[in-house]
**Student:** 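Below you will find the structure I want to go over with you.
All of these numbers come straight from a predicted model, not from anything done at the bench.
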Protein chains: 2
Amino acid sequence: MKIGDKMPNNQEQFKDLLRTNGLKVTYQRIAILEVLSNRPGEHLTAEEIYDLVKAEYPDIGLATVYRTIQLLSDLNLIDKLNLDDGYVRYEIGRKNREECHHHHHLICLECGNIYAFQDDLLENLEERIKETLGFEVEDHEVKLYGHCKECINEKA
Amino acid sequence: MKIGDKMPNNQEQFKDLLRTNGLKVTYQRIAILEVLSNRPGEHLTAEEIYDLVKAEYPDIGLATVYRTIQLLSDLNLIDKLNLDDGYVRYEIGRKNREECHHHHHLICLECGNIYAFQDDLLENLEERIKETLGFEVEDHEVKLYGHCKECINEKA
DNA sequence: CTTAGTGCAAAGCTTTTGCACTGCA
DNA sequence: TGCAGTGCAAAAGCTTTGCACTAAG
């Protein structure tokens with residue numbers, strides 16, 4: 001992967017966003033966003049992102065990856081996912097992809113694969129919570145653990 | 001708090017459970033479960049549990065707290081909660097308390113308080129997922145972030 | 001030029017592990 | 001008495017930070 005190979009439009013938007021926020025456009029920042037952009041739906045750890053970027057830009061440092069991840073997260077360009085396995089994972093943000101605005105995770109306990117799915121069901125729930133408890137929901141994180149189709153079939 | 005002050009019945013059940021599993025009954029294990037039992041709905045870190053137990057049993061070691069937490073979790077007596085603040089938290093398990101079998105968390109972004117609520121809504125969702133995706137849900141974790149009643153009122 | 005951003009290495013943090021000792025059964 | 005359980009300290013492993021250097025604007 002080389003900068004500019006894919007999503008040039010998205011990339012320009014990113015550069016503008018950086019400039020708008022008084023931040024500098026660096027190849028490290030672009031490369032990291034690019035790596036994540038080219039892998040929608042994948043959930044990468046900092047180390048994995050580091051390795052992927054390093055393949056193209058061997059000079060990058062792990063600390064920069066961590067700092068950039070933080071930055072991208074603050075800019076709402078990427079989403080965090082914690083699977084309680086000791087790593088924090090990141091994926092390119094929902095808001096940049098057409099399909100989904102409500103997006104949850106199905107985690108297979110056998111193969112470890114992660115599936116995404118959309119659902120509006122929680123909107124009812126959030127309204128109900130507002131009425132019952134006076135709690136105003138702003139964001140949510142839903143993780144469903146179980147057994148995926150493939151693993152179920154394999155056992156049969 | 002002293003061993004035996006509260007929930008003696010629950011405590012006997014715990015001792016039996018340990019024996020049944022070929023595990024030894026130690027004052028450390030009882031004290032840790034006791035601390036959590038006396039604080040239903042609170043979400044304590046290992047360090048917090050350590051400090052609470054230490055008040056009564058100054059000899060206890062932090063490593064024992066970690067090992068016992070693991071044990072209690074394996075025995076399904078306590079539930080894990082990760083708020084992504086660098087600590088893993090624990091609370092006395094749902095299965096030991098009458099009220100709830102479906103139990104989610106409302107986390108206030110302003111005061112940090114955590115509220116629990118029950119809901120069966122997800123059962124529909126799980127059925128739908130099974131039908132649509134063939135994914136069999138076994139467990140779920142739902143965290144809703146927002147603003148609690150108190151914090152909303154305070155601003156008014 | 002100016003200073004935000006970077007790379008490197010060291011430090012920080014929670015959590016885990018090794019090992020000798022203790023105490024439950 | 002025998003071995004699971006414990007306490008202590010050290011190790012582990014992810015993430016953050018300090019600092020001198022680099023490069024964006």
**Student:** Nearest nucleotide by nearest heavy atom, which residue falls closer to the 5' end of DNA chain C, B:Lys24 or B:Glu47?
**Tutor:**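 With B:Glu47 and B:Lys24 compared, the 5'-side residue is B:Glu47.
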**Student:** Let me know the distance between CD1 of A:Ile32 and C1' of C:dT6, rounded to the nearest Å.
**Tutor:**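 From A:Ile32 CD1 to C:dT6 C1': 11 Å.
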**Student:** What's the CD-C1' distance between A:Gln28 and D:dA23, to the nearest Å?
**Tutor:**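 Distance, rounded to whole Å: 9 Å.
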**Student:** Would you indicate which nucleotide in C:dG7, C:dT3, D:dT15 comes nearest to any side-chain atom of A:Arg67?
**Tutor:**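 Closest nucleotide among those given: C:dG7.
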**Student:** Grab the CD1-P distance between B:Ile60 and D:dG5 for me, whole Å please.
**Tutor:**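 After rounding, the reported distance stands at 14 Å.
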**Student:** Taking atom P of D:dT15 as reference, at what distance in whole Å does atom OH of A:Tyr87 sit?
**Tutor:**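 About 8 Å, once rounded to whole Å.
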**Student:** Please tell me which of the listed nucleotides, D:dT6, C:dT14, D:dG5, lies nearest to the side chain of B:Thr64?
**Tutor:**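 Looking only at heavy atoms from C-beta outward on B:Thr64, the closest nucleotide is D:dT6.
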**Student:** C:dT15 phosphate, OP1 or OP2: any side-chain N/O from B:Gln70 under 4.0 angstrom?
**Tutor:**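 Result: no.
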**Student:** Does B:Lys143 use its side chain to pair, donor to acceptor, with the backbone of B:Leu81 at less than 3.5 Å?
**Tutor:**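 No, because the side chain of B:Lys143 does not come within donor-acceptor range (under 3.5 Å) of the backbone of B:Leu81.
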**Student:** Measure the distance from CG on B:Leu18 to P on C:dA25 and round it to the nearest whole Å.
**Tutor:**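 My rounded result for the distance is 9 Å.
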**Student:** Are the side chain of B:Arg29 and the backbone of B:Lys24 linked by a donor-acceptor contact shorter than 3.5 Å?
**Tutor:**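 Present.
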**Student:** Tell me the interatomic distance from B:Ile30, atom CD1, to C:dG23, atom P, rounded to whole angstroms.
**Tutor:**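 So the two atoms are 15 Å apart, to the nearest Å.
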**Student:** OP1 or OP2 of C:dT16 versus the side-chain N and O atoms of B:Tyr66: is any pair under 4.0 Å?
**Tutor:**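 Answer is no, no contact under 4.0 Å.
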**Student:** In chain order, what residues pass the salt bridge (charged side-chain N to carboxylate O under 4.0 Å, His left out) check against B:Glu138, with sequence neighbours excluded?
**Tutor:**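 Salt bridge (charged side-chain N to carboxylate O under 4.0 Å, His left out) list for B:Glu138, sorted by chain: empty.
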**Student:** Go through D:dA24, D:dG5, D:dG7 for me and flag the one nearest to the A:Thr26 side chain.
**Tutor:**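 Shortest atom-to-atom distance from the side chain points to D:dA24.
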**Student:** Starting at the 5' end of DNA chain D, which residue's closest nucleotide do you reach first, B:Leu23 or B:Tyr50?
**Tutor:**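 Mapping each residue to its closest nucleotide by heavy atoms, the 5'-most match is B:Leu23.
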**Student:** Can you tell me which nucleotide in C:dT6, D:dG5, C:dC8 comes closest to the side chain of B:Arg29?
**Tutor:**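 Nearest to the side-chain atoms of B:Arg29, counting from C-beta on, is D:dG5.
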**Student:** Please name the residue in the list A:Ile32, A:Leu44, A:Ile69 that meets the side chain to side chain contact (heavy atoms under 4.5 Å, CB included) test with A:Tyr90.
**Tutor:**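 Of the listed options, the one satisfying the test is A:Ile69.
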**Student:** CG of A:Asn82 versus P of D:dT15: gap in Å, rounded?
**Tutor:**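 Value for this atom pair: 9 Å.
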**Student:** Return the value, rounded to whole Å, for the distance between atom CG of B:Asp84 and atom P of C:dT14.
**Tutor:**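 Taking CG of B:Asp84 and P of C:dT14, I get 15 Å after rounding.
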**Student:** Test of understanding: with ring pair (Phe, Tyr, Trp, His ring centres under 6.0 Å), list the residues that count as partners of A:His147, not counting sequence neighbours.
**Tutor:**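 If we apply the ring pair (Phe, Tyr, Trp, His ring centres under 6.0 Å) test to A:His147, skipping adjacent residues, there are no hits.
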**Student:** Nearest to the side chain of B:Leu62, heavy atoms from C-beta on, is which of D:dG5, C:dT15, C:dG7?
**Tutor:**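 Of D:dG5, C:dT15, C:dG7, C:dT15 is nearest to the side chain of B:Leu62.
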**Student:** Which residue, B:Ala63 or B:Arg19, contacts DNA chain C at a nucleotide closer to its 5' end, judged by nearest heavy atom?
**Tutor:**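 Final value for this comparison: B:Ala63.
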